[in-house]
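I have placed the structure first, in the form of structure tokens, so that the comments after it can refer back to it.
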Amino acid sequence: MRNYGDDCVIAAQASQGAVALIRTSGNGCLELLAKVFSRPKTLLEAAGNSVIYGWILDQEGSPVDEVLVNVYRAPRSYTGEDGVDISCHGGSTAANTILETLRKAGFCDALPGEFTFRSFVNGKIDLTRSESVMELVSAKTKNALKLAVKRLSGALEREIKAIRNSLLEAVSAAELFLDYPEDEIDEGPPPYRKAAEEALKKLKLLLVSYGRERLFQEGAAVVIAGRPNAGKSSLFNALLNEDRSIVTEIPGTTRDWIEGSVSFKGIPLRLIDTAGLRDFTVDQNKAEIQGIERSRNLIEEADIILYTVDSCIGFCEEDKKFLTEHSGESLILVWNKIDSTEALSVPQPENNNYLALCIPVSAATGRGLDELCTSIADLFSQKISVSDELSAGLGTQRQKELTEKTVACLEEALLLDEKDESLDLIAPLLRESLNTLGEITGEVSTADVLEIMFSRFCLGK
């Protein structure tokens, strides 16, 4: 069984389609490939960043496929090792046959993420850039792609290094002070405090940035809530522009939640239709009760709530109670069914202190939907606003958790300093914050952590 970090020469299919790409890497890579290439001398003498035409041959010397090979010489390659990318004809048969030929020549199957792992180990990229590779692969919108590219280009790495320099200054000053008795220290704030406070400020900005990055990666959860027959499913279908939810005049038709993906102005959203909210009664069956309970759980986790009210009925006590309980949250009141002749006037905020942003719509005709989409996008924009002091934000849960841990260490150190506690207690906390921050970029890491992280990558990356 292979492990990350061994010295095998590796190969894996990196893409498929009309043209497939097989990636190889490792010291001795060109020599192994020359055994099954129609122009071995040309391949072995090829300069880095050059392209060669030829054929892959099986062990009997019979042609397997006509290919182009891109040659890379260490250290000027993605992994920092010698490597060759083989462009062959698409389809699983051609690529699989070439891979089998490479195995017989001495290549090993690459582990998930092993090419990026080797790039990290060989100092080509740090861990923040490594993680951005998978962010690029999974990006759902142009904005998500743009943010991932920033991290791939090293923007987050530079932010972390700048903070690390402040922490280094704080740690150095604190440990220097340990060599002197307290009566030799000048009055006033100790020199390590300013550097620690500066680092803490930037780290807190990074934590705020994670919310924005997560929303662009996963999409904001927009939950459509309201009483039965308020038109939630019709609104869900209208916003998705497809017939996904069942719509009837029977209350309680939606027993469970249903989700669909949509993008408003380049903003990814997870639109969720839920069961109608109402108090439990003896005539309700267990399925509807479970659906209502799930709806309430989804509402608690929502980034934005679209609370839908039937304008032909107006506010019920349950509506007023819900809006009062959720005032101040990211909530839009959807005054639905305005196409009906029985529709009541749109309520005014000044007459209802529980009323959030109110948008009159008709899910049936589409009237008001553009305004609703704009309001959703505006609310989203408020959630993702981040200080201009940062050039990049945190992109993964791992980065967020390590940043939180670093912040906790610094806050504790500064609190002890305010209480005039011994520097023997403060200095280790500053050192721990420095080491924890180093885990984000990989300056401090363990083999187990790296293996778990890269094993989540797809093959060929």
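Side chains included, hydrogens not; waters and symmetry mates left out as well; all remaining heavy atoms used.
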Would you say that Y192 contacts L430 through its side chain, given a criterion of any heavy-atom pair below 4.5 Å between the two side chains? yes

Does R193 form a salt bridge (Lys or Arg N to Asp or Glu O under 4.0 Å) with E418? I'd like the steps, not just the answer. CA-CA 10 Å; R193 184 174 183 88; E418 287 178 1; 3.0 Å; yes

Just verifying a value: how many Å separate R270 CZ and I304 CD1, rounded to the nearest 0.5 Å? 12.0 Å

Please report the shortest heavy-atom distance between G368 and V361, naming the atom on each side. O-CG1, 3.6 Å

For D370, I'd like to know if atom CG has over 12 heavy atoms of other residues, nucleotides or ligands within 6.0 Å. no

Close side-chain approach of E443 to D126, heavy-atom, < 4.5 Å: no

Could you walk me through whether E342 and S340 pass the side chain to side chain donor-acceptor pair (under 3.5 Å) check? CA-CA 5 Å; E342 300 175 5; S340 173; 4.8 Å; no

Relative to the ring of F315, is the ring of W335 parallel (under 30°), tilted (30 to 60°) or perpendicular (over 60°)? tilted

Between L102 and I22, is the side-chain contact (heavy atoms from CB on, under 4.5 Å) condition met? List the steps. CA-CA 10 Å; L102 295 179; I22 295 172; 4.0 Å; yes

State whether the side chain of T436 and the backbone N or O of S433 hold a donor-acceptor pair below 3.5 Å, judged by distance alone. no

If you round to the nearest 0.5 Å, how far is CG of L152 from CG of L145? 10.0 Å

Side chain to side chain donor-acceptor pair (under 3.5 Å) partner of R151, the single match among E131, E157, E159, E135: E135

Please report the shortest heavy-atom distance between T308 and G231, naming the atom on each side. CG2-C, 4.4 Å

Residues L239 and C373: closest non-hydrogen pair is CD2-SG, 3.9 Å

For salt bridge (Lys or Arg N to Asp or Glu O under 4.0 Å), just list the numbers for D310 and K337, CA-CA rounded to whole Å, side-chain angles, deciding distance to a tenth of an Å, and then say yes or no. CA-CA 6 Å; D310 183 346; K337 303 184 183 180; 3.2 Å; yes

Crowding at CD, E197 (>12 non-hydrogen neighbours, <6.0 Å): yes

Okay, side chain of N96, backbone of S92: is any donor-acceptor separation there less than 3.5 Å? yes

Evaluate the salt bridge (Lys or Arg N to Asp or Glu O under 4.0 Å) criterion for residues K321 and E317: first the C-alpha distance (whole Å), next the side-chain angles of each, then the deciding distance (0.1 Å), finally the verdict. CA-CA 6 Å; K321 180 181 178 183; E317 286 305 314; over 6 Å; no

Any chance you could measure K124, atom NZ, to S130, atom OG, to the nearest 0.5 Å? 12.5 Å

Inter-residue atom distance L306.CG - F236.CZ, 0.5 Å rounding: 11.5 Å

Please walk me through it: do V223 and L271 pass side-chain contact (heavy atoms from CB on, under 4.5 Å)? CA-CA 6 Å; V223 174; L271 199 61; over 6 Å; no

Check for a donor-acceptor pair, side chain of R23 on one end and backbone N or O of A12 on the other, with a separation under 3.5 Å. no

For C312 against A343, the heavy-atom pair lying closest together: SG-N, 4.1 Å

Find out whether S330 and I305 are in side-chain contact, i.e. whether some heavy atom of one side chain is under 4.5 Å from a heavy atom of the other. no

Is E100 salt-bridged to R103, going by a charged N under 4.0 Å from an acidic O? yes

Taking C-beta and beyond as the side chain, do V84 and N70 meet within less than 4.5 Å on heavy atoms? no

How far apart are the C-alpha atoms of V309 and V334, what are their side-chain angles, what is the distance that settles it, and do they pass the side-chain contact (heavy atoms from CB on, under 4.5 Å) test? CA-CA 6 Å; V309 175; V334 181; over 6 Å; no

Check whether D319 reaches the backbone of C316 with its side chain - one donor and one acceptor, N or O, closer than 3.5 Å. yes

So, taking the atom named CG in N237 and the one named CG in L235, what distance separates them when rounded to the nearest 0.5 Å? 9.0 Å

Is there a donor-acceptor pair closer than 3.5 Å between any side-chain N or O of N122 and the backbone N or O of T79? yes

Compare all side-chain heavy atoms of L414 with those of I426 and state whether any distance is below 4.5 angstrom. no

Where do A392 and L206 come nearest, in terms of heavy atoms and distance? O-CD2, 3.7 Å

Is it true that a side-chain atom of E213 and a backbone atom of G395 form a donor plus acceptor pair closer than 3.5 Å? no

Any side-chain heavy atom of L410 within less than 4.5 Å of one from L203? yes

Side chain to side chain donor-acceptor pair (under 3.5 Å) between S362 and D339: does it pass, once the steps are laid out? CA-CA 6 Å; S362 169; D339 57 300; 2.8 Å; yes

Donor-acceptor contact present, side-chain R398 to main-chain I440, <3.5 Å: yes

Quick one, I299 with F322, criterion side-chain contact (heavy atoms from CB on, under 4.5 Å). Give me CA distance, side-chain angles, the key distance, then yes/no. CA-CA 11 Å; I299 288 167; F322 182 95; 3.9 Å; yes

Measure from the side-chain N and O atoms of K232 to the backbone N and O of R227, and report whether any donor-acceptor pair falls under 3.5 Å. yes

Do Y72 and Y78 have ring centroids that are under 6.0 Å from one another? no

Return yes when atom CZ of R2 has more than 12 non-hydrogen atoms of other residues, nucleotides or ligands closer than 6.0 Å, and no otherwise. yes

Can you tell me how far apart OH (Y210) and CG (L394) are? Round to the nearest 0.5 Å. 8.5 Å

Would you say the side chain of V9 lies within less than 4.5 Å of the side chain of T24, judging by non-hydrogen atoms? no

Is any NZ, NE, NH1 or NH2 atom of the basic residue among E401 and K405 found under 4.0 Å from an Asp or Glu carboxylate oxygen of the other? no

If you compare all heavy atoms of F115 against all heavy atoms of A110, which two are closest, and at what distance to 0.1 Å? CE1-CB, 3.7 Å

Going through the checks in order, is the salt bridge (Lys or Arg N to Asp or Glu O under 4.0 Å) test met by D303 and R214? CA-CA 11 Å; D303 294 303; R214 182 190 64 80; 3.2 Å; yes

Residue pair P112 / Y4, side-chain heavy-atom distance below 4.5 Å: yes

